[in-house]
Amino acid sequence: GRYALIAVTPPAVPRAVYHRDLTILIDASGSMTGEPIETAKRIATGLVASLDEGDRFEILAFASNVRRLTSRMEPFTADTLRKITREIGNLQAGGGTEMQSAIQEALASLRPDSQHQIVIVTDGEIGFENEIMETLSRGIPAGVRLHAVGVGAAPNRTLTFGLARGGRGLEVLVPDTAEAEAAVERLRVATSRPVLTDLVIGGSAVVTAAPARPRDVFAGQPVVIAVEVRAEGGTIEVGGRLAGSAEAWGWRTSVGAADASAETVRASTLPIGALFGRERIADVEAGIGKRLEWEAADAAIEALGLRHRIVSRRTSLVAVAEEPSVDPLAPRRRERLAVELPFGVSAAGVGLEGGYDDRDFSAVSMMRGAPAAMAFGEVGSVLSHMSQFLRGGRGGKTAPAPTGEGVGTLIRVDGDVAVIEIEVPYDGFRLPKKSVMLTSDTTRESEVEVIGEESSPAGPHKRGTVVRLALRVADRSVWTVGNNVMVRWNVPGAEVLIVVEVPAGLEGTK
């Protein structure tokens with residue numbers, strides 16, 4: 001392909017700027033406890049203090065619920081500044097992260113002579129980025145700009161980058177309170193001095209532009225756009241609206257054909273195609289334009305990565321060896337290593353304080369259909385329930401205690417063949433050779449065949465290693481998320497019971 005870079009440079013002194021209607025969304029969830037919430041409060045206070053006469057603001061804090069610190073969009077005055085500074089100072093972190101509701105409440109059309117600037121300050125510690133991106137991909141009002149501030153030592157950049165790109169705003173990363181003042185200045189320039197808005201790239205020479213929806217041109221901050229250019233050449237046209245007026249702005253140039261003896265723009269040896277590919281992938285990731293299903297998005301990212309020979313989440317640099325280096329049937333050892341918290345993040349804020357040990361987590365993980373989160377005090381009752389469950393206490397009767405209780409995970413279903421990975425629960429563990437008894441919430445106990453050639457050796461195996469057990473199961477509906485599936489077999493002098501987890505996406509009914 002042929003590619004070009006366009007740089008839109010603002011004048012040294014803008015003729016006019018917009019009034020600001022500023023909405024600040026502060027993440028006050030539990031993971032923000034400590035320095036992150038203090039950093040967020042400094043940023044919010046500094047942004048409000050940067051407003052001018054004629055500007056308006058509102059502030060919302062979100063955790064498990066969305067709470068307004070201002071009753072409505074308020075005009076900026078010395079009195080409102082004192083009031084909101086006090087409200088922000090009293091803000092405490094705790095609870096969940098109801099971010100989507102906060103964004104939806106903030107997305108509203110406002111004065112025609114202003115630009116609604118939304119600044120979201122968060123560490124991004126959520127598990128539903130896709131839903132947030134889908135909200136933005138459905139389109140935000142034309143006069144709204146969304147800026148994302150990632151606070152703390154390890155913000156979720158998948159979220160903050162996607163929010164800023166989808167909202168035509170800035171992404172600003174603030175690791176600690178010492179950087180808060182510099183972040184406020186960057187955001188002040190972005191929210192108070194957009195010079196050129198609603199940029200559109202077109203012309204007969206343009207195949208595609210990336211970003212598809214460029215951010216505004218701020219005072220002192222040029223915008224760079226990569227475009228793919230047709231081989232036959234043509235025109236490149238850039239249009240937009242000058243801030244503070246209805247006046248349109250436009251720029252146009254010509255590009256010669258690929259086989260022309262002279263170009264009308266300067267040729268470059270820089271890998272502009274790779275840059276264009278990265279920008280196009282970022283557009284797909286952020287859901288810019290038409291909403292893509294995940295399968296289509298993955299295919300588009302893979303095609304772009306291969307075409308432009310760049311690394312993405314679907315393409316990578318691969319070394320190919322002739323000989324296999326890992327035997328999937330050989331026992332493997334799994335080590336659990338402690339992962340340190342990012343600097344400044346509170347252990348209590350993310351729910352990591354409590355007297356758990358490995359047995360607690362194993363028992364809780366065996367409870368299929370259990371609540372996603374439970375209070376620390378519930379662990380004792382959970383363990384008691386699991387003990388009864390594993391020992392046959394469903395109907396109030398007590399069965400002989402089996403030995404070698406463990407957990408398995410379904411990793412593959414291919415026709416009637418199901419492959420389970422088991423973490424060996426004790427030394428001397430042995431796999432069955434011919435058959436096992438299988439039961440679940442939806443099926444009666446039945447004998448199923450063990451497929452020896454796809455299973456790990458029978459053993460004995462040491463505690464903590466990971467082995468595979470392949471079974472021939474005709475009824476694929478057994479493999480349903482939430483279904484309590486149990487496999488048991490006898491070994492000399494004991495009975496082994498394995499509770500099998502079915503991860504989402506591996507359901508046998510699909």
Side-chain angles (χ1 to χ4, degrees), residues 324-336 358-359 361-368 386-387 389-392 394 399-508:
S325 59
V326 176
D327 180 358
L329 301 182
R332 309 188 308 278
R333 183 163 190 87
R334 179 176 293 154
E335 295 287 346
R336 286 187 171 87
D358 286 346
R359 290 170 297 173
F361 284 114
S362 297
V364 172
S365 69
M366 283 188 270
M367 284 193 64
R368 303 284 73 81
M386 278 308 307
S387 176
F389 179 91
L390 290 175
R391 299 176 189 278
R394 284 180 174 180
T403 62
E405 301 161 355
V407 180
T409 302
L410 181 70
I411 63 169
R412 178 166 61 87
V413 178
D414 185 7
D416 62 352
V417 177
V419 181
I420 300 165
E421 278 197 346
I422 302 170
E423 184 167 349
V424 173
Y426 62 91
D427 289 339
F429 180 87
R430 288 183 177 274
L431 289 171
K433 295 182 178 180
K434 295 182 178 180
S435 64
V436 298
M437 302 304 293
L438 183 146
T439 186
S440 73
D441 290 340
T442 60
T443 59
R444 294 183 178 182
E445 189 170 60
S446 60
E447 186 174 8
V448 298
E449 176 190 354
V450 172
I451 307 173
E453 59 270 23
E454 295 193 38
S455 301
S456 298
H461 300 289
K462 291 185 177 181
R463 182 180 186 273
T465 56
V466 179
V467 294
R468 290 191 177 189
L469 177 62
L471 305 175
R472 195 176 303 281
V473 182
D475 184 5
R476 294 186 62 180
S477 66
V478 168
W479 312 116
T480 304
V481 174
N483 194 16
N484 291 302
V485 182
M486 289 168 289
V487 176
R488 66 178 180 88
W489 64 90
N490 292 319
V491 294
E495 181 184 63
V496 179
L497 175 65
I498 301 295
V499 179
V500 182
E501 178 185 26
V502 182
L506 285 179
E507 299 94 331

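Everything numeric in this text was worked out from a predicted model, so none of it was measured.
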Heavy atoms, side chains only, cut-off 4.5 Å: are Pro503 and Val481 in contact? no

Any chance you could measure Glu501, atom CD, to Trp479, atom CH2, to the nearest 0.5 Å? 12.0 Å

Closest heavy-atom pair, Arg444 versus Thr439, reported as atoms and distance to 0.1 Å, is C-OG1, 4.0 Å

With sequence neighbours left out, the residues meeting side chain to side chain donor-acceptor pair (under 3.5 Å) with Glu454 are Arg412

Between Lys462 and Thr465, which heavy-atom pair has the shortest distance, and what is it? O-OG1, 2.8 Å

First locate atom CG of Asn483, then atom CG of Leu410, and finally report the distance between them rounded to the nearest 0.5 Å. 11.5 Å

Would you tell me whether Ser435 and Glu449 have side-chain atoms, one donor and one acceptor, within less than 3.5 Å of each other? no

Distance-minimising heavy-atom pair for Leu431 and Ser456: CD1-O, 3.7 Å

Hey, what's the ring geometry for Trp489 with Phe429, parallel, tilted or perpendicular (30° and 60° as the breaks)? perpendicular

To check you understand the geometry: which heavy-atom pair defines the closest contact between Val487 and Leu471, and what is its length? CG2-CD1, 4.2 Å

With rounding to the nearest 0.5 Å, note down the distance linking CD1 in Ile498 to CD1 in Ile420. 9.0 Å

Quick one: are Leu469 and Val450 in side-chain contact, heavy atoms under 4.5 Å? yes

Nearest 0.5 Å please: distance from the CZ atom of Arg468 over to the OG1 atom of Thr409. 11.5 Å

Which atom of Asp427 lies closest to which atom of Arg463, heavy atoms considered: OD1-N, 2.8 Å

Least distance between heavy atoms, Val491 atom then Arg430 atom: CG1-O, 4.1 Å

